[in-house]
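Each residue takes its place number in the sequence, starting with 1.
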Amino acid sequence: MKKTLVALAAFSAVAAFAQTTVKLMGNIDAGYQSNDYKGNKISGINNNGSATSQIDIEVIEDLGGGLKAKVWLESDINPVAAQANTGFASSIKSGTDAGGGTWLNSEQKVGLAGNFGEVAVGVVNNKSLAANGTGQPFGTAIGSGYGSIIKASAGVAASTASVVRADNSIRYDSPVVNGFSGSIYYVAKQAVSNGKANYSTTFGAFSKAGINEYSVNYSNGPVNAIYVIQQADYNGVVTPGAVDYNSATAGVPTAVAGTALTTKSSLKTLSANYAWNAFTFGATTQTLKDDAATNAVNTKATLGSVKYTMGATMLGLTSGSLTNSVNNTKSTFLGYGAQYQLSKTTRVYAQFETLNDDGGTVAAVTGYTEVGTKRTRSGLGVNVAF
């Protein structure tokens, strides 16, 4: 009997020591959108007008002594297009590559958190994304300027895509001391040898830039600020060549060797916001440069915003510009919108933006002929979080 009591006591101690919580959460956003991309118009039901639709799983295990194990699994989904969620097979006839499904296509990480701060490994978001959201009220959605005026990755072109996370990444976030904290983000460079366009997923070898990112954060009362320096090393990294479907051997298309890059690029972002009564004022300034001999990238962007919140209503306005010093051109941006909270988790919204893209900050869409430099987007919809 005594042994049984001791065993039960030990089991209870272990159970109390390792408490695990699992949460399922997410966000669904859909509605009507009308887009005019430089003379190419399309409208209809679309997603992500005010936020990214996603399903998230969070696991936290209490290891005792203030130490916790943490897992985060995130899947971006498309609630208005089933095929986008299921993936599709490759087709030599149509010249299309296979596309992956939605499951676990976004941030994925595992790590430890404690008095030392937090360290996470996997496919981890960078802090340049956090800087984007600090300076304006629309996140990455319509009206934000994200991906057009403000970037989240140090690319090799003024129109570089805003990649917010990288495979095989690690990020350390320090504890907060008097409102200050810091982060370090690292991705090892992997360069394919001999300029080949084939990679080994089994071996874990890909052709991708190395990334070093450092950030300082401050949050105290009405003031929030973040400064991020991101450096990307593309030297020796190969951009995949085109796939030749006309010279397929045994049904397998021929891969054309890619081109090795030689560029190193840096992205510097300073964002802040200040809350005053019902108003929140925000600002972002950002530079993107590379060290190429031809000075291929040299841009400077600024974005200002104001948010007014009264009860269930939020009104937002953003305005900014990006100057491309390489060709002495300038892109200007204006975004605005309103959101109304029907409950703590459900809101309706109307958001709009106009981009005059003389600076070529948005990449051309394959298969479409551009007419002029103006892009407009508008969205009316509903967003439900759970």
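- We find that K264 and D291 are not joined by a salt bridge, their nearest charged nitrogen and carboxylate oxygen being 4.0 Å or further apart.
- Listed here is the closest heavy atom pair of I150 and A301: CD1-CB, 4.1 Å.
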Practice task
Before giving the answer on side-chain hydrogen bond (donor to acceptor under 3.5 Å, both in side chains), spell out for T318 and Q136 the whole-Å C-alpha distance, their side-chain angles and the decisive distance to 0.1 Å.
Solution key: CA-CA 7 Å; T318 58; Q136 46 81 24; over 6 Å; no

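- Using a distance-only test at 3.5 Å, with no hydrogens or angles considered, a donor-acceptor pair links the side chain of N126 to the main chain of L129.
- T299 places no side-chain N or O within 3.5 Å of a backbone atom of T323 that could act as its donor or acceptor partner.
- When the shell of 6.0 Å around CG of L342 is examined, it contains more than 12 heavy atoms from other residues, nucleotides or ligands.
- Looking only at distances, no side-chain donor or acceptor of Y308 sits under 3.5 Å from a matching main-chain atom of T313.
- In terms of modelled atom types and a separation under 3.5 Å, the side chain of E74 and the main chain of I55 share no donor-acceptor contact.
- Two residues are said to be in side-chain contact when any heavy atoms from C-beta on lie closer than 4.5 Å; I229 and L267 fail this criterion.
- The two residues T346 and Q341 come nearest to each other via the heavy atoms O-NE2, 3.4 Å.
- At a threshold of 4.0 Å, the pair E353-R377 counts as salt-bridged, since one of the basic side-chain nitrogens sits closer than that to a carboxylate oxygen.
- Scanning both residues, R347 and A51, for their nearest heavy atoms gives NH2-CB, 3.8 Å.
- Q108 places a side-chain N or O within donor-acceptor distance of the main-chain N or O of L104, the cut-off being under 3.5 Å.
- Rounding to the nearest 0.5 angstrom, the gap separating the NZ atom in K70 from the CD atom in E58 is 6.5 Å.
- In this structure, CZ on F116 lies 7.5 Å from OH on Y172, to the nearest 0.5 angstrom.
- Within the 3.5 Å criterion, the main-chain N or O of S174 finds no donor-acceptor partner in the side chain of S181.
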Practice task
Quick one: do T280 and T309 satisfy side-chain contact (heavy atoms from CB on, under 4.5 Å)? Show the steps, please.
Solution key: CA-CA 8 Å; T280 299; T309 305; 5.9 Å; no

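- The backbone N or O of V163 sits less than 3.5 Å from a side-chain atom of S153, completing a donor-acceptor pair.
- With D29 contributing its side chain and G49 its backbone, the two residues share a donor-acceptor pair below 3.5 Å.
- Residue Y340 qualifies as open at atom OH: its count of foreign heavy atoms under 6.0 Å is 12 or below.
- A salt bridge between R375 and D357 is absent, with no side-chain N of the basic residue lying under 4.0 Å from a carboxylate O of the acidic one.
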Handout entry: T373 vs D358, side-chain hydrogen bond (donor to acceptor under 3.5 Å, both in side chains): CA-CA, chis, key distance, verdict
Key = CA-CA 6 Å; T373 61; D358 293 329; 2.7 Å; yes

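- Atom CG of residue N217 and atom OG of residue S219 lie 9.0 Å apart, to the nearest 0.5 angstrom.
- No salt bridge links K127 with E213; every basic N to acidic carboxylate O contact stays at or beyond 4.0 Å.
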Practice task
Give the intermediate values and the outcome of side-chain hydrogen bond (donor to acceptor under 3.5 Å, both in side chains) for residues D233 and Q231.
Solution key: CA-CA 7 Å; D233 182 2; Q231 298 172 325; over 6 Å; no

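- Between I226 and A130, the closest heavy-atom pair is CD1-CB, 4.3 Å.
- Within 6.0 Å of CG on N327 lie more than 12 heavy atoms contributed by other residues, nucleotides or ligands.
- Taking the six-membered ring for Trp, Y274 and F281 have ring centres at least 6.0 Å apart.
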Exercise for the section: Could you walk me through whether D173 and S183 pass the side-chain hydrogen bond (donor to acceptor under 3.5 Å, both in side chains) test, one step at a time? Expected result: CA-CA 4 Å; D173 299 326; S183 298; 2.6 Å; yes

